[in-house]
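Each remark here refers to the structure printed beneath this line.
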Amino acid sequence: MTDSNALDPEDRKIVTLARSARARNGVPEGAAVRDETGRTYVAGTVDLASLKLSALQTAVAMAVASGAKSLEAAAVVTDAESASEEDRAAVRDLGGAKTPVLVAGPDGTVRTTVTAG
């Protein structure tokens, strides 16, 4: 477990935004990503009959749709113990294999940090 207070302030910010998205929208996961210019994109799980995306996939898609060229970091707030391979692949596609993915529980405590690769 990572001490959330020991996180870089910008990383703590994306964890907080991800947690807020999860709570505000009443969805299983919330996520946030930070692009190469410092802009953040926040999303929740999408669960429609015709479209299903995890929160992290949605946040990456929002970054791409807004013109982001790469990612500095990603965060997901979830009940799961780690980021799924699909989530890490989405981050890797835009940010590269070394992009950190912070995985936090619903209380915002970062459980682990993995790389997208």
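Scope of the values below: all heavy atoms of this structure, side chains included, with no hydrogens, waters or symmetry mates. Quick note: residue numbers are just sequence positions, from 1.
- Formation of a donor-acceptor pair under 3.5 Å by the Arg19 side chain with backbone atoms of Pro106 is found in this model.
- Here the shortest heavy-atom pairing between Ala97 and Thr115 reads O-CB, 3.3 Å.
- The structure places OG1 of Thr99 at 8.0 Å from CG of Leu94, a figure rounded to the nearest 0.5 Å.
- At a threshold of 4.5 Å between non-hydrogen side-chain atoms, the residues Leu102 and Leu7 count as touching.
- Grouping the Ile, Leu, Val, Met, Phe, Trp and Tyr side chains by contacts below 4.5 angstrom, directly or via other members, places Val76 apart from Val27.
- Residues Arg22 and Asp79 are in side-chain contact: their nearest non-hydrogen atoms beyond the backbone lie under 4.5 Å apart.
- Nearest heavy-atom pair across Ala32 and Leu17 is CB-CB, 4.2 Å.
- Note on Glu36 versus Lys69: no salt bridge recorded, every NZ/NE/NH1/NH2 to OD/OE distance being 4.0 Å or above.
- Val46 and Val77 end up in different hydrophobic clusters when Ile, Leu, Val, Met, Phe, Trp and Tyr side chains are linked at under 4.5 Å.
- Using a 4.5 Å cut-off between side-chain heavy atoms of Ile, Leu, Val, Met, Phe, Trp and Tyr, with links allowed through other members, Leu56 and Val64 fall into the same hydrophobic cluster.
- Across every non-hydrogen atom of Ile14 and Ala74, the tightest pair is CD1-C, 3.7 Å.
- Remark: Arg39 CZ to Thr37 OG1 distance equals 4.0 Å, nearest 0.5 Å.
- In summary, of the residues considered (Thr78, Asp87, Asp47, Thr45), a side chain to side chain donor-acceptor pair (under 3.5 Å) with Ser54 occurs for Asp87 alone.
- Distance check: Asp11 CG to Thr16 OG1 gives 10.5 Å after rounding to the nearest 0.5 Å.
- The structure places CZ of Arg88 at 12.5 Å from CG of Asp93, a figure rounded to the nearest 0.5 Å.
- Residues Pro100 and Glu72 share a closest heavy-atom pair of CD-O, 3.3 Å.
- Linking Ile, Leu, Val, Met, Phe, Trp and Tyr whenever their side-chain heavy atoms come within less than 4.5 Å puts Val33 and Val101 in one cluster.
- With a 4.5 Å cut-off on side-chain heavy atoms, Met62 and Thr58 count as touching.
- Surrounding NZ of Lys52 are more than 12 heavy atoms belonging to other residues, nucleotides or ligands, all under 6.0 Å away.
- Scanning both residues, Thr109 and Asp107, for their nearest heavy atoms gives N-OD1, 2.9 Å.
- Nearest heavy atoms, Val103 versus Ala80: CG1-O, 4.2 Å.
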